[in-house]
Amino acid sequence: MNCKLIFVTGGVLSSLGKGITAASIAFLLKEKGLNVGQMKLDPYLNVDPGTMSPYQHGEVYVTEDGAETDLDLGHYERFTGIATSHLSNVTTGKIYDSVIKKERRGHYLGQTVQVIPHVTNEIKSKILEATQNDSLDVLIVEIGGTVGDIESQPFLEAIRQFRQTKLTTCIYIHLTYVPYMAAAGEMKTKPTQHSAGELYKSGITPDFIFTRSEKEMPIDLKKKIALFCGVEIQHVVNVIDVSSTIYEVPILLKEQKVDHMITTILGIEKKNSACTAWKKMLTNYHNRKGSTTIGVVGKYIELDDAYKSIFEALLHSSIEVGVVINIERIDADFTKTNEKVFIKQVRKCNGIIIPGGFGERGIDGKLLAAKLCRENKIPCLGICLGMQIIAIEFARNILGHIDANSTEFDPKTKNPVISLLVEQEGVENMGGTMRLGHQECRLDKKSKVYKVYKKEKIFERHRHRYEFNNNYKEEFNKNGLKIVGELHNKELCEIIENEKHPFMIGVQYHPEYQSQPIKPHPLFSSLIKQALK
Ligand code: GLN
């Protein structure tokens with residue numbers, strides 16, 4: 001087997017940034033000219049995160065091929081620009097689903113089906129599948145959760161077996177936390193020692209210990225960790241908190257020669273990399289001048305992770321445009337905020353994003369935001385549900401269909417401007433059955449959005465069930481909310497824009513999934529430029 005494997009585990013506590021660490025390593029190896037893949041193993045029982053609430057899981061990230069996945073895949077793509085796929089995210093639920101299906105088909109006839117070896121073999125085969133038939137040089141596999149969790153054990157056992165079977169070279173990186181204890185006036189390594197011990201119990205000897213800490217770790221502590229965890233001193237890598245942006249992390253790792261150490265172990269030393277474009281992006285980040293305020297009107301607004309890709313896309317575009325963005329988080333749920341405060345918040349923004357969402361809660365707030373943007377010419381980008389909201393608001397307040405709605409919120413409305421396609425009617429399975437993944441869309445050359453993209457043919461990713469109802473197309477077009485983008489070869493609305501407004505654009509897809517720090521998405525950059533006017 002040619003493809004080498006790098007496993008990233010985490011210990012002590014969750015939210016240490018394993019995803020960002022894994023993505024940063026992938027970036028550095030890609031910069032060295034390697035063909036890199038990334039994968040995330042998640043220990044929960046859902047087949048995918050598609051049916052989970054953002055409160056549970058944060059944003060659902062959608063791959064080109066239409067898989068609903070963990071948000072860490074978003075980091076992977078943003079750092080490397082390499083597309084992930086349905087092979088890149090495997091959950092315990094998915095593993096058990098295939099084991100049980102195989103069992104019913106008689107695949108294991110005569111055997112007692114067990115966690116070891118059947119579940120672990122299934123995990124291993126999914127990892128092998130993600131090496132894309134061995135065509136990658138390196139696959140980086142992040143294991144979700146924290147070592148010591150009951151749920152992670154089959155995954156740890158599976159990755160342990162890779163080294164034992166000597167199929168390929170494996171590297172195990174363990175990310176831990178080294179807290180600073182104010183009372184003692186020093187940083188503490190004990191949690192890291194215990195965490196490495198926990199990993200040992202699973203039969204895994206880490207090759208690297210990456211330590212998250214608030215302050216730089218003194219060399220003595222590195223030595224202590226090296227000794228107690230059985231790794232070489234230079235393999236104790238300190239990932240200190242970056243005060244500015246997560247996009248500094250790859251450089252932080254490069255300064256500690258992580259890329260060089262890894263390729264040396266893997267025996268695939270390649271060209272030296274300078275990370276020129278990335279460093280230029282970071283310089284631009286620090287050179288931004290002035291600021292503008294963009295409001296994001298959502299119902300999970302207190303939760304950073306729920307709109308992860310949107311916040312990141314705004315940051316990428318802010319680097320490109322050269323201006324700092326103050327994000328105004330506007331709660332769309334009037335049971336949590338009051339209308340007066342809400343109106344004030346919207347009006348103080350230079351631009352508004354109405355993001356995607358499901359279910360009725362917060363709809364009134366979003367509709368009011370769309371109305372305020374339309375009437376006050378505030379630049380506004382509606383994404384997915386946001387596009388549907390722009391359409392409903394227009395139908396109610398300009399076309400005079402006061403009961404206009406989406407059938408998602410009012411199945412009996414007489415004016416279903418947003419409704420289900422026949423194919424979606426009666427769909428019983430909630431998981432994985434929406435319009436998902438990247439699809440080709442054609443733009444009207446006379447539109448404003450064409451000036452944004454500067455091309456006619458675009459590919460964008462989708463995740464929704466309801467669609468703009470074409471029975472209203474003519475009426476909308478005639479009255480100035482124009483359908484200016486449609487799915488290729490099908491009369492299905494992708495983009496609407498308000499003719500009489502400088503920038504009021506609704507897109508049925510999710511542009512945020514494709515934005516990268518060194519390749520920002522033009523829709524977000526245009527929104528910011530309009531906000532500055
Ligand atoms: N709830 C809407 C639909 O299913 C919008 C989905 C979204 O915003 N992702 O069509």
Side-chain angles (χ1 to χ4, degrees), residues 48-55 57-64 66-69 71 74 296-301 303 305-311 313 332-333 352-367 369-370 380-393 395 404-411 413 416-439 441 460-470 472 483 485-487 490 492-496 505-515 523:
D48 62 42
T51 55
M52 267 189 249
S53 150
Y55 283 123
H57 193 270
E59 160 190 282
V60 171
Y61 187 77
V62 179
T63 60
E64 264 184 10
E68 297 176 271
T69 71
L71 57 76
V296 180
V297 186
K299 61 178 173 178
Y300 306 105
I301 207 65
L303 201 80
D305 277 356
Y307 304 103
K308 193 84 207 158
S309 293
I310 289 182
F311 291 154
D333 183 353
I352 289 285
I353 291 179
I354 308 177
F358 295 83
E360 211 184 345
R361 188 170 72 81
I363 290 304
D364 290 340
K366 291 184 176 188
L367 283 166
C380 174
L381 175 63
I383 296 175
C384 207
L385 175 65
M387 181 210 92
Q388 301 175 354
I389 290 287
I390 291 176
I392 297 168
E393 191 279 325
N405 217 331
S406 162
T407 53
E408 181 179 4
F409 315 125
D410 179 5
T413 173
V417 288
I418 307 293
S419 63
L420 278 185
L421 290 187
V422 201
E423 318 66 295
Q424 282 286 349
E425 279 168 18
V427 167
E428 277 176 14
N429 260 350
M430 294 293 282
T433 53
M434 285 187 262
R435 173 141 84 104
L436 287 165
H438 97 156
Q439 289 171 354
C441 162
E460 292 281 6
R461 300 186 199 171
H462 296 73
R463 180 173 185 250
H464 62 103
R465 209 178 292 281
Y466 295 81
E467 306 279 353
F468 178 80
N469 181 345
N470 280 325
Y472 293 88
I483 285 71
E486 282 189 323
L487 190 68
K490 193 160 178 181
L492 211 49
C493 171
E494 293 277 15
I495 310 172
I496 54 176
I505 297 177
V507 294
Q508 187 58 82
Y509 48 80
H510 291 269
E512 69 274 22
Y513 292 144
Q514 295 203 79
S515 177
L523 269 176

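Throughout, residue positions are numbered sequentially from 1 according to the sequence presented. Order of listing sets the numbers, starting from 1, for every ligand and every atom in it.
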Within the protein, residues bringing a heavy atom under 4.0 Å of ligand 1, chain by chain: G356, G357, F358, C384, L385, Q388, E408, R463, H464, R465, Y466, H510
Describe, in one word, how the ring planes of Y513 and Y61 are oriented to each other, choosing from parallel (under 30°), tilted (30 to 60°) and perpendicular (over 60°). perpendicular
Suppose we screen for salt bridge (charged side-chain N to carboxylate O under 4.0 Å, His left out). Which residues come up paired with R465, at least two apart in sequence or across chains? none
Taking distance alone, no hydrogens or angles, what donor-acceptor pairs closer than 3.5 Å link side-chain atoms of residues 352-366 to residues at least two apart or in another chain?
{"residue": "R361", "atom": "NH1", "partner": "D333", "partner atom": "OD2", "Å": "2.7"}
{"residue": "R361", "atom": "NH2", "partner": "Y55", "partner atom": "OH", "Å": "3.4"}
{"residue": "R361", "atom": "NH2", "partner": "K299", "partner atom": "O", "Å": "3.4"}

Looking at P416 and Y472, what are the two nearest heavy atoms and their distance? CD-OH, 3.4 Å
Quick one: salt bridge (charged side-chain N to carboxylate O under 4.0 Å, His left out) partners of R463, sequence neighbours excluded? E68
Backbone of Y466 reached by a side-chain donor or acceptor of E408 within 3.5 Å: no
